[in-house]
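Below is one structure, written out as structure tokens; the observations come after it.
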Amino acid sequence: MLGPRALQMMATSVFMAALCSQTVAAAWEDALDHGSVRGFPSFAEADRLLQEWLRRYPHVLAQHTIGSSFMKRPIHAYVLGKQQKQLQGRPQVLITSLMHAREPASLTVLLYFLGHMLELYGRGDPLAVYVIHAREIWFVPFVNVDGYMENEGLRVKQIRKNRRPTCGRASNGGVDINRNFAVHWKKDFKGCDEEFQGSAPFSEPETQAIKKICEENKFKVALNYHSFGGMLTHPFNWAKTPQLPKETQRIYDEIALAFGWQKFGPAIKTVGYTAVGESDDWMYGAQGIISMSPEVGPEYGDFWPPVREIKGINSRNFVRATYVVRKAGFEPTVSWEQRPALGSGTEKLSAGAPRNILELKLGNRGLTPSLGHTLLVILAGVVLSPNSVAVTAPGSKPVRIKAEDGTEVPARLLNTTGSASTALVFSLRPLAARSVRSLKLLASRAVEPDGVRRMRLCLAEGDHLGWQSADGGPSILACHCVEAAIPVPPSLAGVSWGPKPATGFVLSSDSTAANGDVALCSLAARSAKLEKVPEAVRVPLKQAEAASKAEAESSTTTTGTGNATVTGAFLAPTFVSFAVLVCMAFFLMFALLQRRHAASLGRRLPKASVPTDVEAEQIPALGRPGEDSSDGIAGATVV
């Protein structure tokens, strides 16, 4: 038996192993609300955090110097995204903070999004894997670095503008960076005013740095964080009446719905006055970027909210930012309508005429077409396996799929393991941004299920894009999946559903898998002869409802939108994090001490095994955007 000392060492090792990963994770989060500037991190503290992330994640995070401040301090951008030449053309996103130096919550929201996305990626979380492979995100945390660093040393931390001397009283001097952009720029204010716009558009080195990266890149969306008030401001802020095209307004309305704040729109609707020379107006008006300024933080907290509020402000806005980042690319929706086939316009099928016609509408509410050469569509549960029914002629078709123009879409029928149903697999052109495509499914009576069709549909993007797996293998296929129950109408009345977002996705594998969506996408990938892809994973974007014990055991998660269900397994971590290495070191130390203790007793213990890989941790599902309105009601702040 082991002696008391050895047992104590074992207990200590187990305890430290259980805490070490949490300790490392908590360290960077604590830096955001335990900083030296009223709880917020100083420039030096934030920079140490960023440098640590650059060291730990060199393959997905890079630093670029994009300009310098008025006081010649460098302005850095941090680019998040898998660094591969094959991934050129990914949607780009811009996220900035601290245009106004007295708004520190904007900084911590940006840093939390970056840090939490990296942390999830390190764990192998599929949402983070997808975002980092399929997007390129530029972060500029310190747009007004001079002003923020001056606030650090002041008792009254109200410096808003940059540090150009424009007023006899130094604290009132400077140019408002968010009034120095070249759309509806006007000389409305004097040098001592809070909103002094500068001597000319882009007169300031800080705005020149932002202009440079916007002109050199093709950002689809931009989040320019400000504080405070819990509201979303978007173009045109110079106007007293709405000026946006209808389709652009619909895009902003969709984003506002996801954010869930009571106030959104141009400045006249949110803060009650107009703003000229504003960053969002220039980014949208001159560059075509869907740009917006979330005002984060509750109204009662002022520009420097209480320390106890910082953590909640950061975490609530992670989900909102994630929605915008995903919307920059492919945002799939699915709707369907089923109606009786009355004989008119239908064609004969090999196993009898159809009883119903199922019309599918595949949509993309995102700002970029689906990635890849084709969009692979996988549709299961709507027809029975041809092997389970009598088909009249070899090679004949019991199912046909028609495009909008009446042409037939070639499809493959794939039997799914352990099921009488089959999966239909077919390829379409990439789904264009902000578009909808209609398809009609006609199935012979003999292969149409009685009662309720349990439809599971996946839209797979990303073929042959070179998305590298954890082991350096070839590409990933990302499957966005949704599930619905379609009752077979007993009468002439039809049934419809949608549009609903495909709220989850599977990164499918060429290997066999037990879970429904994983197996389905794996089977389709092999059928489509795509390149091999890494171990299958699943993630829901919306908040998961409380699952029953049986559902938890089967790894099934019900999304909060449309009662759509996605299933799957989790990807092994992309790499072993520092925390895990610390844990492994404790286990190795314990194994060595255990062997020494055994030797002292004249006995040899079996060699301790050290894990060579780490099982991926299941991450709690993300909260629904807008679910928590505790950011407060908008106040009349200067944006």
Side-chain angles (χ1 to χ4, degrees), residues 67 69-70 94 96-103 106 140 143-144 147 158-167 172-215 219 221-229 231-245 248-249 252 256 263-295 303 634-639:
S69 68
F70 176 77
L94 174 64
T96 73
S97 63
L98 286 181
M99 282 195 189
H100 293 150
R102 65 185 180 190
E103 300 175 6
S106 67
V140 186
V143 177
N144 188 356
Q158 289 299 317
I159 298 296
R160 164 187 169 92
K161 301 181 287 183
N162 75 356
R163 295 294 76 210
R164 181 184 292 277
T166 63
C167 180
N172 290 340
V175 173
D176 185 341
I177 292 174
N178 204 32
R179 300 294 184 270
N180 192 237
F181 288 83
V183 166
H184 276 259
W185 179 90
K186 292 182 179 179
K187 289 187 176 181
D188 285 348
F189 298 95
K190 296 181 180 180
C192 295
D193 294 335
E194 273 202 333
E195 297 182 68
F196 177 57
Q197 65 282 328
S199 58
F202 295 116
S203 62
E204 305 311 295
E206 294 88 352
T207 51
Q208 292 168 21
I210 299 299
K211 178 177 183 286
K212 179 176 182 288
I213 61 171
C214 287
E215 291 176 342
F219 297 120
V221 296
L223 287 166
N224 297 305
Y225 280 112
H226 291 263
S227 67
F228 55 97
M231 55 186 166
L232 183 66
T233 301
H234 67 66
F236 282 109
N237 294 291
W238 57 264
K240 293 183 178 180
T241 57
Q243 300 288 326
L244 293 175
T248 302
Q249 187 61 60
Y252 281 115
K263 285 192 175 183
F264 71 94
I268 195 68
K269 291 182 63 177
T270 54
V271 296
Y273 54 83
T274 60
V276 295
E278 202 265 351
S279 59
D280 293 325
D281 289 0
W282 179 80
M283 289 182 186
Y284 173 74
Q287 299 296 313
I289 302 168
I290 299 298
S291 182
M292 67 211 79
S293 291
E295 295 277 351
F303 292 113
T637 60
V638 181
V639 298

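Treat the numbers as computed from the prediction; the structure is a model and nothing was measured. FYI, the numbering just counts along the sequence from 1. Just so it is clear, the values below take in all heavy atoms, side chains as well, and ignore hydrogens, waters and symmetry mates.
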Note: Val140 and Ile210 closest approach over all heavy atoms is CG1-CD1, 4.3 Å
Does the plane of the ring in Tyr252 sit parallel, tilted or perpendicular to the ring in His234? Use 30° and 60° as the thresholds. parallel
Less than 4.5 Å apart, side chain to side chain, heavy atoms only: is that true for Thr207 and Trp282?
no
Item checked: Short side-chain donor-acceptor distance under 3.5 Å, Glu204 and Asn180 -> no
Could you go through the side chain to side chain donor-acceptor pair (under 3.5 Å) check for Asn224 and Thr96 one step at a time?
CA-CA 5 Å; Asn224 297 305; Thr96 73; 2.7 Å; yes
Note: Ser203 and Gly198 closest approach over all heavy atoms is OG-CA, 4.0 Å
Note, Phe219 side chain near Gln287 side chain (heavy atom, < 4.5 Å)
no
Here the gap from Asn144 atom CG to Ser69 atom OG, rounded to the nearest 0.5 Å, amounts to 8.5 Å
Between the CG atom in Asp176 and the CG atom in Asp193, the distance rounded to the nearest 0.5 Å is 10.5 Å
Nearest heavy-atom contact between Ser291 and Met283 is OG-SD, 3.4 Å
Do Met99 and His226 come close enough that some side-chain heavy atom pair is under 4.5 Å?
yes
- request: Could you please spell out the steps behind the side-chain contact (heavy atoms from CB on, under 4.5 Å) verdict for Leu232 and Glu295?
  value: CA-CA 6 Å; Leu232 183 66; Glu295 295 277 351; over 6 Å; no
- Determine whether the side chains of Ser279 and Asn178 contain a donor N or O and an acceptor N or O closer than 3.5 Å. yes
Does the side chain of Thr248 come within less than 4.5 Å of Tyr284's, by heavy atoms? yes
One should read off an interatomic distance between Ile177 CD1 and Asn162 CG, to the nearest 0.5 angstrom, of 5.0 Å
Report yes if the side chains of Leu94 and Ile289 come closer than 4.5 Å at any heavy-atom pair, otherwise no. no
*Given side chains that start at C-beta, do those of Phe196 and Val175 come closer than 4.5 Å, heavy atoms only?*
yes
Donor-acceptor pair, Asn172 side chain versus Cys192 backbone, under 3.5 Å?
no
Q) Checking Gln208 side chain against Gly67 main chain: does a donor-acceptor pair fall under 3.5 Å? A) no
- Query: Taking the side chain from Thr274 and the backbone from Ala239, do they hold a donor-acceptor pair closer than 3.5 Å?
  - Reply: no
Has the side chain of Thr166 got a donor or acceptor atom that lies under 3.5 Å from a matching backbone atom of Gly173? no
Where the side chain of Trp238 meets the backbone of Val183, is there a donor-acceptor pair that is under 3.5 Å apart? no
Examine distances only and state if a side-chain atom of Gln158 and a backbone atom of Arg102 form a donor-acceptor pair shorter than 3.5 Å.
-> no
- Given side chains that start at C-beta, do those of Phe303 and Ser106 come closer than 4.5 Å, heavy atoms only? no
Correct closest heavy-atom pair for Cys167 and Gly191 would be CB-O, 4.0 Å
Tightest non-hydrogen contact, residues Ser199 and Trp185, listed as O-CH2, 3.6 Å
When Arg179, Arg160, Lys161 are each screened for side chain to side chain donor-acceptor pair (under 3.5 Å) with Glu195, the one that passes is Arg179
Worksheet item: Is there a donor-acceptor pair closer than 3.5 Å between any side-chain N or O of Asp280 and the backbone N or O of Ser293?
Response: yes
Of all heavy-atom pairs linking Arg163 and Gly147, the shortest is CG-N, 4.2 Å
Is Pro266 close to Lys269 at the side-chain level, that is, under 4.5 Å between some pair of heavy atoms? yes
